[in-house]
There are 2 protein chains.
Amino acid sequence: MGPTLDSTPAADGYRMPAEWAHHSGCWLVWPERPDNWRLGGKPAQRVFAEVATAVAQTEKVTVLVSAAQYDNARSRLPAGVRVVEMSSDDSWMRDTGPTFVTDGTGDVRGVDWDFNAWGGLVDGLYFPWANDDAVARKVLEIEELPRYKAHFVLEGGSIDVDGEGTVLVTEECLLSEGRNPGLTKDEIGQRLRDYLGAEKVIWLPFGVYLDETNGHVDNFCRFAAPGKVMLTWTDDVNDPQYKRSQAALEVLLAETDARGRRLEVVRIHQPGPILITEEESNGVDTIEGTLPRQTGDRLAGSYVNSYIGNDVVILPVFDDPHDQDAVAAYTELFAPRRVVTVPGREILLGGGNVHCITQQQPSGR
Amino acid sequence: MGPTLDSTPAADGYRMPAEWAHHSGCWLVWPERPDNWRLGGKPAQRVFAEVATAVAQTEKVTVLVSAAQYDNARSRLPAGVRVVEMSSDDSWMRDTGPTFVTDGTGDVRGVDWDFNAWGGLVDGLYFPWANDDAVARKVLEIEELPRYKAHFVLEGGSIDVDGEGTVLVTEECLLSEGRNPGLTKDEIGQRLRDYLGAEKVIWLPFGVYLDETNGHVDNFCRFAAPGKVMLTWTDDVNDPQYKRSQAALEVLLAETDARGRRLEVVRIHQPGPILITEEESNGVDTIEGTLPRQTGDRLAGSYVNSYIGNDVVILPVFDDPHDQDAVAAYTELFAPRRVVTVPGREILLGGGNVHCITQQQPSGR
């Protein structure tokens, strides 16, 4: 069923399609660890269920869940959502799930990257991460899809593709000490091309300020269409995000994509800054070795961290003055898809957002 | 995906097909609990892998396994066998898995019985059994098949069907105090007809001597074809099995099946008696609350406890003088299927055999 292949997607003629390509389904992992999700994960579970329900309107959804939380997840999710037991260390399916690749004829395979909790023993966010590292392989077994094993540390949230040969990444993340310190930038670029079936890598210097993933690109800058990217922005020159977004803009405007196109950059103003309240902080177990969630800490809120489903786009909003502009931008960018907003704060409190908790499975057609 | 239906298979026109009807696949659970399987389950795992490999020759096989044993199972099983994480309390998929039913047009659904470890707090074999009780539902979720929830204690090994309206059971098991003490024999018969889509229940008094399941029929007497049953036999009138087999023979010869046919009874002489050796006993953890595996205990060995695959029959043998006759009987009964023998002793030491550890999923065609 899931044999492990010795080659690479590029060598076999496979590539990662853009997220807007047709999906056969979407995967999530049910949140529960009390040292990351406040109040035993109950507020987050409500929002995860909302995301799953919204995505399930136009594609099959599978939610992976621990044995302990199985019955609860099953009862809180609609009957149309598939619930499957699986061990994990947290609930970031974008980063622990397989990256699916296709050959353009409907055949789908999966890339199983090394996962080390965003930095391993250097600056990873928890230990151990062995269950998370096994998620991609287990998903491919369930789906009976062939597996490429990439001996290379990468999370799905640290890449974004246009499906036409271009990959977006940040140096802050891909060149971080905790991931692949033995590889040069060129070698890392080659791995990306080999396993994503791409030709060109565009390197942005940084991601979002204080993003605990070392600046995942999916929280910062993503393709909305070939030749068109969304970029988290701020007009406040005194905000630490300003220089980061400005630096990315300069790269993007100077670059061309794999097909030689110049890039249109759609700036989407960030929400916030969003800070952890005392009540929120108090709801999280304090455990040595897990990232603390302290009162007043600034969260890496972003409207770019969305999910592009078959006929819907799931957009996190924050009860923030910038919500309205984000909805308007998405409505225009992704028409005729319907924009479905979900309250993003509870996911953000755990360290990510809608894109981080989802993983699309392309149909390959 | 897996909605739970309020009706019964019989009411909806579904029935359990005979085991020789075409399968889309077969399910097993990887053995590991050290208080039942000697030497950490390693000898049993070897035989389970042999069974899975043999079945996988002609149908898809899925092996369910705990998170702790996942990597080991994956490496010990052929790549063509699907390995899926699932919690369980032991590895008797016949008894914990769903009973699949079909409507004759290719549609398949599953019955999820109550499971209480073969007798609950009365004479069950271990406690707790909550993970086992959840297996059927989880399998139906994975397969996206509708579920009938039968609020009735039953294991798949306690029934055998001809697919044409007849069910074989034993009174020893179905009327045991630890299962459904609040129901009369007639009420139990009605449940069987409702959930198996059958018309007639044939009640044998007993199963195999010392069978710890309270005499599961699948270790004793099973249909080999419509109108034809295999019956565990002994020629030794002093063996405690003699009266049990004789009593069943009398019932079978006096009965007709649901279609009014008289039954042909093929007697298959039992192996042994097979006793637990001191070495075998010493390899099992001794835990209060689990059935002890003591030196000299007689095991319920039987050749009837086999698996009827798409083009093969998997028959346990015991390095016993009766092996040869069993193989000959099977070869004749199941031609043109190939008879594949596996060493049954290590499964028997855990309390069952090939049929107990497998669960066929009919294709419905």
Side-chain angles (χ1 to χ4, degrees), chain A residues 1-6 24-27 29-30 52-53 55-56 59-75 77-89 96 110 112 128-147 149, chain B residues 1-6 24-27 29-30 52-53 55-56 59-75 77-89 96 110 112 128-147 149:
Chain A
M1 308 290 155
T4 297
L5 307 168
D6 286 332
S24 60
C26 176
W27 298 76
V29 181
W30 190 248
T53 302
V55 176
E59 60 198 69
K60 170 178 153 182
V61 172
T62 303
V63 176
L64 304 172
V65 58
S66 72
Q69 275 290 306
Y70 189 94
D71 287 351
N72 180 47
R74 181 58 287 174
S75 76
L77 290 162
V81 169
R82 179 167 74 151
V83 180
V84 173
E85 182 188 338
M86 192 177 293
S87 301
S88 68
D89 299 301
T96 61
D112 176 2
W129 53 77
N131 287 317
D132 275 352
D133 190 34
V135 166
R137 174 172 211 169
K138 290 177 179 175
V139 166
L140 296 172
E141 283 276 330
I142 291 170
E143 296 297 294
E144 300 167 54
L145 295 177
R147 164 185 181 248
K149 176 58 201 157
Chain B
M1 308 286 157
T4 296
L5 308 167
D6 286 331
S24 61
C26 176
W27 298 77
V29 181
W30 190 248
T53 304
V55 175
E59 59 198 70
K60 170 178 155 183
V61 173
T62 303
V63 176
L64 305 173
V65 58
S66 72
Q69 274 289 306
Y70 188 94
D71 287 351
N72 180 48
R74 180 57 288 173
S75 76
L77 290 162
V81 168
R82 180 168 73 153
V83 180
V84 173
E85 182 188 338
M86 193 178 291
S87 302
S88 67
D89 300 300
T96 61
D112 176 2
W129 54 77
N131 288 317
D132 275 352
D133 190 35
V135 166
R137 175 172 210 169
K138 290 177 179 174
V139 165
L140 296 172
E141 284 275 329
I142 291 171
E143 296 296 296
E144 301 166 56
L145 296 177
R147 162 183 180 250
K149 177 57 201 155

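Residue numbering restarts at 1 for every chain, and letters A, B, ... go by the order of the sequence lines.
- The line from OG1 of A/Thr4 to CZ of B/Arg74 is 8.0 Å long, rounded to the nearest 0.5 Å.
- Contact of the A/Met86 side chain with the B/Tyr70 side chain is not registered, since no non-hydrogen atoms from C-beta on lie closer than 4.5 Å.
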*CA sep, side-chain torsions, deciding dist, call: A/Glu85, B/Lys138, salt bridge (Lys or Arg N to Asp or Glu O under 4.0 Å)*: CA-CA 7 Å; A/Glu85 182 188 338; B/Lys138 290 177 179 174; 2.6 Å; yes
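- Of the inter-residue distances, the one linking A/Arg137 atom CZ with B/Asp71 atom CG reads 7.0 Å to the nearest 0.5 angstrom.
- Between the side chain of A/Glu141 and the backbone N or O of B/Val83 there is at least one donor-acceptor pair closer than 3.5 Å.
- For B/Arg82 (side chain) and A/Ile142 (main-chain N/O), a donor-acceptor pair under 3.5 Å exists by modelled atom type.
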